[in-house]
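Reviewing the structure listed below.
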Amino acid sequence: MIRSPLTIEYALLGLLYHQPRHGYEIYQELLNEDGLGLVWRLKQSQLYALLAKLEQQGYMDATLEPQEGRPPRKMLQLTPAGRDAFLSWLRTPVPQGRKMRLEFMAKFYFARQIEPSSAATLIDKQRIICQDWLASLQTQANTLSTESSFEWLVYQFRIGQVEAMNTWLDICERTLVTAVL
């Protein structure tokens, strides 16, 4: 059984999209509070385990780069399979609301850098999915017999979350427009 990578694994592939890097450089990028550091927290030992797994699965290759007076450094680069898997993931909206906070944010982070035109498309696709979620939640809430039940309150909370996601997608879209101007 072949398991597809986890969101953080796709993000690691994204960090190698433009150029080869060594593990510690990737780790430093993940700590960056202006980027993915706002979204992910990953221990260095976890990072190296994930990088080894991605290399084993054929998503990245490694070469040793000599360093004067120090052991050689392992440089990682995407393979064609890794590049294809990353781009496929990047262009696909998330299927569940709970994946917006980590997975969609990571996708949007990379889409803005790598494929600004696909960032707009990703937002449009995600907005359609959010509208479907919202319609489904509203239908379910409308079937409840009393507006004071706990179940109705839970649906109102979920509706509010999806409405907030839609508002945030609007903000994301505006950032793309202003970045182009």
Side-chain angles (χ1 to χ4, degrees), residues 1-65 73-133 161-162 164-166 168-173 175-176 179:
M1 180 174 141
I2 297 175
R3 186 190 63 76
S4 62
L6 302 170
T7 299
I8 186 63
E9 292 167 336
Y10 283 113
L12 296 176
L13 296 176
L15 292 172
L16 293 171
Y17 186 83
H18 288 297
Q19 66 189 29
R21 293 179 174 203
H22 56 84
Y24 188 71
E25 188 178 8
I26 293 170
Y27 181 68
Q28 291 300 112
E29 181 74 22
L30 287 172
L31 293 176
N32 185 350
E33 288 293 330
D34 292 337
L36 288 179
L38 291 168
V39 178
W40 294 104
R41 297 283 185 255
L42 191 65
K43 292 180 182 173
Q44 197 169 1
S45 59
Q46 291 173 305
L47 169 69
Y48 285 107
L50 291 171
L51 292 173
K53 184 170 123 183
L54 288 167
E55 184 180 358
Q56 183 181 38
Q57 292 175 333
Y59 291 115
M60 60 179 65
D61 284 330
T63 56
L64 292 179
E65 180 181 273
R73 181 166 43 190
K74 188 175 183 178
M75 295 298 289
L76 302 164
Q77 67 242 347
L78 286 181
T79 62
R83 187 178 216 69
D84 291 346
F86 171 73
L87 289 174
S88 177
W89 169 79
L90 182 70
R91 296 171 181 150
T92 306
V94 297
Q96 295 131 353
R98 69 178 179 270
K99 293 188 175 196
M100 287 291 288
R101 189 178 75 76
L102 294 176
E103 187 168 349
F104 185 85
M105 284 190 185
K107 288 179 184 213
F108 189 63
Y109 172 81
F110 288 112
R112 286 173 36 138
Q113 296 174 5
I114 295 169
E115 293 186 333
S117 63
S118 76
T121 303
L122 180 63
I123 289 170
D124 290 341
K125 289 178 181 177
Q126 194 64 59
R127 189 179 283 119
I128 291 167
I129 289 174
C130 285
Q131 292 300 337
D132 290 344
W133 295 336
Q161 286 182 313
V162 176
M165 289 175 203
N166 277 324
W168 182 74
L169 288 171
D170 292 341
I171 294 167
C172 290
E173 187 173 52
T175 68
L176 291 177

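Remember, predicted model here, so these are calculated numbers, not experimental data.
- Of all non-hydrogen atoms in A106 and L36, the two that sit nearest each other are CA-CD2, 4.3 Å.
- At least one side-chain heavy atom of Q131 sits less than 4.5 Å from a side-chain heavy atom of N166.
- Residues G97 and W133 come closest through the heavy atom pair N-CH2, 3.2 Å.
- By the 4.5 Å heavy-atom criterion applied to side chains, E173 and R127 are counted as neighbours.
- Between atom OG of residue S118 and atom CG of residue D124 there is a gap of 11.5 Å, rounded to the nearest 0.5 Å.
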Report all side-chain donor-acceptor pairs from residues 38-46 shorter than 3.5 Å, counting only partners two or more places apart or in another chain.
| unit_1 | atom_1 | unit_2 | atom_2 | d |
| --- | --- | --- | --- | --- |
| R41 | NH1 | G37 | O | 2.3 |
| Q46 | OE1 | K43 | N | 2.9 |

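- Taking the side chain as every heavy atom from C-beta outward, Y59 and L76 never approach each other to under 4.5 Å.
- Note: L15 CG to Y27 OH = 13.5 Å, rounded to the nearest 0.5 Å.
- A distance of 6.0 Å separates CG of L54 from CG of L12, quoted to the nearest 0.5 Å.
- The minimum heavy-atom distance between C130 and L169, with the atom names listed, is SG-CD1, 4.0 Å.
- The pair R73-E25 does not meet the salt-bridge criterion, since no charged nitrogen lies less than 4.0 angstrom from a carboxylate oxygen.
- Other residues, nucleotides and ligands place more than 12 heavy atoms under 6.0 Å from the CD atom of E33.
- In this structure the side chain of T121 never reaches within 4.5 angstrom of the side chain of E115, judged on heavy atoms.
- Distance CD/Q77 to CE/M60: 9.5 Å, rounded to 0.5 Å.
- Side chains of L64 and K74 form a contact here, defined as non-hydrogen atoms less than 4.5 Å apart.
- Side-chain atoms of K125 never come within 3.5 Å of backbone atoms of T92 as a donor-acceptor pair (strictly under, hydrogens ignored).
- In this structure, L176 and A120 approach most closely via the heavy-atom pair CD1-N, 3.6 Å.
- A heavy-atom distance below 4.5 Å is not found between the side chains of K107 and T7.
- Here the shortest heavy-atom pairing between G58 and T79 reads O-OG1, 2.6 Å.
- Distance CG/L47 to CD/E9: 11.0 Å, rounded to 0.5 Å.
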For residues 80-90, tabulate all N or O donor-acceptor pairs below 3.5 Å that involve a side-chain atom, not counting sequence neighbours.
| unit_1 | atom_1 | unit_2 | atom_2 | d |
| --- | --- | --- | --- | --- |
| W89 | NE1 | E103 | OE2 | 3.0 |

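- Just one of K99, Q126, M165 meets the side chain to side chain contact (heavy atoms under 4.5 Å, CB included) condition when paired with F104; it is Q126.
- Summarising the geometry, atom CH2 belonging to W168 is positioned 14.0 Å from atom CD belonging to Q161; distances are rounded to the nearest 0.5 Å.
- Under the side-chain hydrogen bond (donor to acceptor under 3.5 Å, both in side chains) test applied with Y24, the options Q28, H22, R21 reduce to a single match, Q28.
- Side-chain contact between R91 and L122 is absent, with no heavy-atom pair separated by less than 4.5 Å.
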